[in-house]
Amino acid sequence: MPIPALGAATLAAVLDAGSMEAAARALHITPSAVSQRIRALEDEVGRVLLVRTKPLRATPDAHAIVRFARQVALLEHDAAVSLGHGAGPVTLPLAVNADSLSTWFLAPLARLSARHGVVFDLHRDDQEFTAGMLEDGTVTGAVTSRAVPVGGCRVQPLGVLRYEAVAAPAFAEAWLPDVPLGGGDADALAAALERAPLIDFDRRDDLQTQWLAARGIDPALPPRHRVPASHDFATATVAGLGWALLPTLQSQSALETGRLVRLGGDPIDVPLYWQQWNLRSALLDAVAEEIVDEGRRVLGV
């Protein structure tokens, strides 16, 4: 059964905007026309495609249609460019983890935006979960920890994001007194870390938990702050709110200037991959090349 391209594009616009009214403004039509297109599309495919909540959400049956709409828009842009026609900017939704976003990911996007007719709609989530946005059609590409390609996608390694346990010197002095840091008395450090506050990014952040467990410390014992923004997370660590695992890319300067100290213990390495739709698109390929080159230069393969 052919999928009506106009209805599919309208569905994607509604989900991007979050409401019929906002989608109508983006499409320069009336909210009634948007509603009629969605109803006609649902009648055509015989499926309910929207959960009528605020914001509107896609049903599982809508994912394939949204993905189709985004692929059509991308191919239309490529065709217009290849024919020498003036093509307006195409929007590429991408998913990325917070630490990549705050350290290395924006530089390649800036170069791409300067050279191509593209604007980026970034979706931030943990690297364990970004691949799910590829599966449901929310994004066209993602930085992810998943090495196995999502169905209909291809994958390339980016490198490794290394995390080390660090704390502000004043915090270490207050909570870890007389404990040699950086590989000293492991038993004394473990006992102190059972009481010392730590910082998690959010409730899904398990890096601190992994590091504690590897040292034989019950992760349920220490009190936990939560700071769900990468820059603020690092700032909170430097300020002495708690200890945390920070990417070496983010902590190196503070370590060199003495604003942070290492707690010791093995670092945690998180391999990262770039996954994108397996679609032959000049623009999508250019995006992949720029992001993969930058990731490999900064992270190493």
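Since we're looking at a predicted model, the values are computed, not measured. Just so you know, residue 1 is the first one in the sequence shown, and it goes up from there.
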Worksheet item: Is there a donor-acceptor pair under 3.5 Å between the side chain of Ser102 and the backbone N or O of Asp99?
Response: yes

Discussion item. Checking Gln36 now: which residues fulfil side chain to side chain donor-acceptor pair (under 3.5 Å) with it, not counting sequence neighbours?
Written reply: Ser32

Worksheet item: Would you say Leu283 and Trp274 are hydrophobically clustered, going by side-chain heavy atoms of ILVMFWY under 4.5 Å?
Response: yes

Response to the item:
Heavy-atom nearest pair, Asn278 first then Arg154, reads OD1-NH1, 3.4 Å

Fill in: Common cluster, Trp243/Val166, ILVMFWY with side-chain heavy-atom separation under 4.5 Å
no

Discussion item. Can you list everything that forms a salt bridge (charged side-chain N to carboxylate O under 4.0 Å, His left out) with Glu42? Sequence neighbours excluded, please.
Written reply: Arg52

Discussion item. If the condition is salt bridge (charged side-chain N to carboxylate O under 4.0 Å, His left out), which residues does Asp269 pass it with, not counting sequence neighbours?
Written reply: Arg162

Fill in: Ion pair check, Arg111 and Glu294, cut-off under 4.0 Å
yes

Worksheet item: Between Arg280 and Asp285, is there a side-chain N and carboxylate O pair less than 4.0 Å apart?
Response: yes

Worksheet entry | Heavy-atom check, side chain of Val119 versus side chain of Leu92, under 4.5 Å | no

Worksheet item: Where is the tightest heavy-atom contact between Leu15 and Leu56, given as atom of each residue plus distance?
Response: CD2-O, 4.0 Å

Worksheet item: Under a 4.0 Å N-O cut-off, is there an ion pair linking Glu290 with Arg115?
Response: yes

Worksheet item: Has Arg204 got its NZ or CZ under 6.0 Å from the middle of the six-membered ring of Phe129, at an angle within 45 degrees of the ring axis?
Response: yes

Fill in: Cationic N near anionic O, under 4.0 Å, Arg39 to Glu44
no

Discussion item. Less than 4.5 Å apart, side chain to side chain, heavy atoms only: is that true for Arg296 and Pro157?
Written reply: yes

Worksheet item: Do any pairs count as a salt bridge (Lys or Arg N to Asp or Glu O under 4.0 Å) and have a residue in residues 222-242, sequence neighbours left out, and if so which ones?
Response: Asp200-Arg224

Worksheet entry | Which residues share a side chain to side chain donor-acceptor pair (under 3.5 Å) with Asp61, sequence neighbours left out | none

Worksheet entry | Heavy-atom pair with the smallest gap, counting every atom of Met20 and Leu50 | CE-CD1, 4.0 Å

Worksheet item: Hey, what do you get for CG (Leu158) to CZ (Arg297), rounding to the nearest 0.5 Å?
Response: 13.0 Å

Discussion item. Quick check against the 3.5 Å criterion: does Thr237 have a side-chain atom that pairs as donor or acceptor with the backbone of Ala244?
Written reply: no

Worksheet item: Given side chains that start at C-beta, do those of Leu101 and Leu122 come closer than 4.5 Å, heavy atoms only?
Response: yes

Worksheet item: What's the shortest heavy-atom distance between Leu49 and Ala62, and which atoms?
Response: O-CB, 3.3 Å

Item to complete: For residues Phe120 and Phe105, determine if any side-chain heavy atom of one lies less than 4.5 Å from a side-chain heavy atom of the other.
Response: no

Worksheet item: Heavy-atom distance under 4.5 Å between the side chains of Met133 and Thr140, does that happen here?
Response: no

Worksheet item: Is the closest side-chain heavy-atom distance between Gln276 and Leu284 below 4.5 Å?
Response: yes

Worksheet item: Do the non-hydrogen side-chain atoms of Arg37 and Pro4 ever get within less than 4.5 Å of each other?
Response: no

Practice prompt. Indicate the atoms forming the closest heavy-atom contact of Phe68 with Ala8, along with that distance.
Written response: CD2-CB, 3.8 Å

Fill in: Side-chain donor-acceptor pair present, Gln275, Thr144, cut-off under 3.5 Å
no

Worksheet item: Any side-chain heavy-atom pair from Leu6 and Leu41 closer than 4.5 angstrom?
Response: no

Fill in: Same cluster (ILVMFWY, side-chain, under 4.5 Å), Leu249 and Phe233
no

Discussion item. Please enumerate all residues that pass side chain to side chain donor-acceptor pair (under 3.5 Å) together with Thr130, with sequence neighbours excluded.
Written reply: none

